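Shown next, in structure tokens, is the structure this report addresses.
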Amino acid sequence: MAHSKVVIIGSGPAAHTAAIYLSRAELKPVLYEGMLAGGTAAGGQLTTTTDIENFPGFPDGIGGSELMDNMRKQSIRFGTEIITETISRVDLSQRPFKLWTEWSDGPEDAPARTADAVIIATGANARRLNLPGEEVYWQNGISACAVCDGAVPIFRNKPLFVIGGGDSAAEEAMFLAKYGSSVTVLVRRDKLRASKAMATRLLSHPKVTVRFNSAATEVIGEKKPNGLMTHLRIKNTATGEEEVVEANGLFYAVGHDPATALVKGQIELDEEGYVATKPGTSMTSLEGVFACGDVQDKRYRQAITSAGSGCVAALEAERYIAETEASEDIPPPHANPAL
Ligand code: FAD
Ligand code: NDP
């Protein structure tokens with residue numbers, strides 16, 4: 001059975017940044033990039049989008065897949081071993097930690113690999129609504145990230161809609177108000193879930209209208225290849241009344257699902273299922289297990305913040321390995337006193 005000092009699970013900006021740092025530190029990290037893990041290609045969420053315009057270093061923007069290919073090449077250049085398999089199971093109860101892949105997870109129960117330290121960088125997925133028309137107009141008017149996509153020309157001075165009533169919806173609506181002619185927030189209930197401060201700012205914003213008891217039921221648009229959305233069918237959930245309104249942008253802010261099924265019950269998760277980390281660090285509730293990227297960040301969810309937290313995880317894993325190697329008695333894994 002193979003053993004590594006450090007294994008990284010995931011393949012987005014967090015995982016690759018961690019890999020670049022750890023391989024440059026000559027720790028020979030092994031990175032499991034996944035085989036369509038959670039339905040997303042290796043490379044993570046950015047492989048599902050076109051131009052990235054807010055990642056520093058690319059003044060003309062860069063394609064999401066190209067950016068991730070570059071990060072992957074950079075990880076390999078310094079000696080990261082990348083394995084195109086999904087980690088299906090981990091045992092974090094004793095050191096070395098044990099990891100199984102989909103291929104190794106058979107009746108013999110031998111793990112594919114053991115590791116002294118594990119970095120969890122499995123990301124998160126924006127929830128979708130599966131509305132009629134959603135597949136056709138996804139990224140052609142529909143987005144799950146206003147900060148990522150809001151500034152593109154198709155939304156300038158156009159009526160835009162946000163679905164959701166939480167802090168993300170409030171933040172996205174106010175961000176979009178800089179670009180759209182108007183922003184309407186569709187809230188399915190008769191109240192917002194957002195914090196009081198955010199709700200107050202949202203409800204008093206001059207360019208934002210909040211429609212309560214409202215649900216989108218269909219996205220309508222141009223009937224040609226790569227056609228854009230132009231209208232939205234909205235239903236009043238209290239009266240059942242429907243209407244079709246002009247809409248050139250639709251932003252989902254109905255929550256994210258962090259990819260934490262793998263570690264649930266083994267390390268501490270917060271009430272929404274994200275890995276709990278000590279603020280400002282990548283340290284989880286278990287020593288030797290680190291988390292970075294969207295799997296532990298429900299607030300910022302950006303490529304650059306994921307990359308930054310990947311760097312933090314690598315530096316902390318490197319220090320942890322050095323410290324445990326320096327001590328003669330390697331203690332069994334135990335609750336992280338830092339958390
Ligand atoms: P992710 O990108 O979520 O990738 C994690 C990957 O790990 C998974 O996709 C999967 O391949 C792999 N994985 C998961 N589980 C396992 C497992 N068990 N075993 C092995 N592998 C596994 N951010 C920006 O800054 N700018 C933008 O313009 C921008 N545009 C976006 C557009 C879209 C459509 C989306 C969805 C997101 C966008 N984002 C953008 C957000 C950005 O993509 C995320 O913040 C970032 O990708 C999170 O990185 P991550 O490293 O946490 O992991
Ligand atoms: P939340 O889970 O807080 O809110 C999701 C919203 O989407 C809710 O209003 C929910 O409605 C609605 N929703 C869910 N499913 C559907 C559906 N099928 N159709 C229509 N509406 C739906 O997620 P957020 O991403 O907003 O926030 C996640 C966490 O991150 C929270 O803890 C939040 O406080 C935090 N955060 C903080 C920020 C800040 O402080 N600036 C910014 C962004 C996030 P309902 O209420 O009816 O369930």
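All values derive from a computational prediction rather than experimental measurement. Hydrogens, waters and symmetry mates are skipped; everything else that's a heavy atom, side chains included, is used. Read the numbers this way: they start at 1 and go in the same order the structure lists the ligands and their atoms.
- Ligand 2 places these atoms under 4.0 Å from at least one heavy atom of Glu272: 28 (C), 29 (C), 31 (C), 32 (O).
- In the vicinity of Glu171, heavy-atom distances shorter than 4.0 Å reach the ligand 2 atoms 39 (C), 41 (N), 42 (C).
- Annotation for ligand 2: atoms under 4.0 Å from non-hydrogen atoms of Gly164 are 7 (O).
- Between Lys235 and Glu218, none of the side-chain N atoms (NZ, or NE/NH1/NH2) sits under 4.0 Å from a carboxylate O, so this pair counts as no salt bridge.
- Residues lining ligand 1 at a heavy-atom distance below 4.0 Å are given as Ile9, Gly10, Ser11, Gly12, Pro13, Ala14, Tyr32, Glu33, Gly34, Ala37, Thr40, Ala41, Ala42, Gly44, Gln45, Leu46, Thr48, Thr49, Ile52, Asn54, Glu85, Thr86, Ile87, Ala121, Thr122, Gly123, Ala124, Gln139, Cys148, Leu262, Gly293, Asp294, Arg301, Gln302, Ala303, Ser306, ordered by chain and residue number.
- Which parts of ligand 2 touch Met198 is read off a 4.0 Å heavy-atom cut-off, strictly below it: atoms 41 (N).
- The option from Gly165, Ala126, Ala194 that lies nearest to atom 6 (C) of ligand 2, judged by heavy atoms, is Gly165.
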Trace of the side chain to side chain contact (heavy atoms under 4.5 Å, CB included) decision for Phe58 with Asp60:
CA-CA 5 Å; Phe58 302 96; Asp60 302 319; over 6 Å; no
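- The cationic atom of Arg24 (NZ for Lys, CZ for Arg) lies less than 6.0 Å from the six-membered ring centre of Phe78 and within 45° of the ring axis.
- Using a 4.0 Å cut-off between heavy atoms, Ala253 contacts ligand 2 through its backbone alone, with no side-chain atom that close.
- Here atom 39 (C) of ligand 2 lies nearest to Arg299 when heavy atoms of Arg299, Arg189, His256 are compared.
- Which parts of ligand 2 touch Leu129 is read off a 4.0 Å heavy-atom cut-off, strictly below it: atoms 17 (C), 18 (N), 19 (N).
- Selection from Arg127, Arg301, Arg188 by nearest heavy atom to atom 15 (N) of ligand 2 gives Arg188.
- Under a 4.0 Å N-O distance rule, the pair Arg299/Asp167 does not qualify as a salt bridge.
- The cationic group of Arg113 does not satisfy the cation-pi geometry with Trp100, failing either the under 6.0 Å distance to the six-membered ring centre or the 45° limit from the ring axis.
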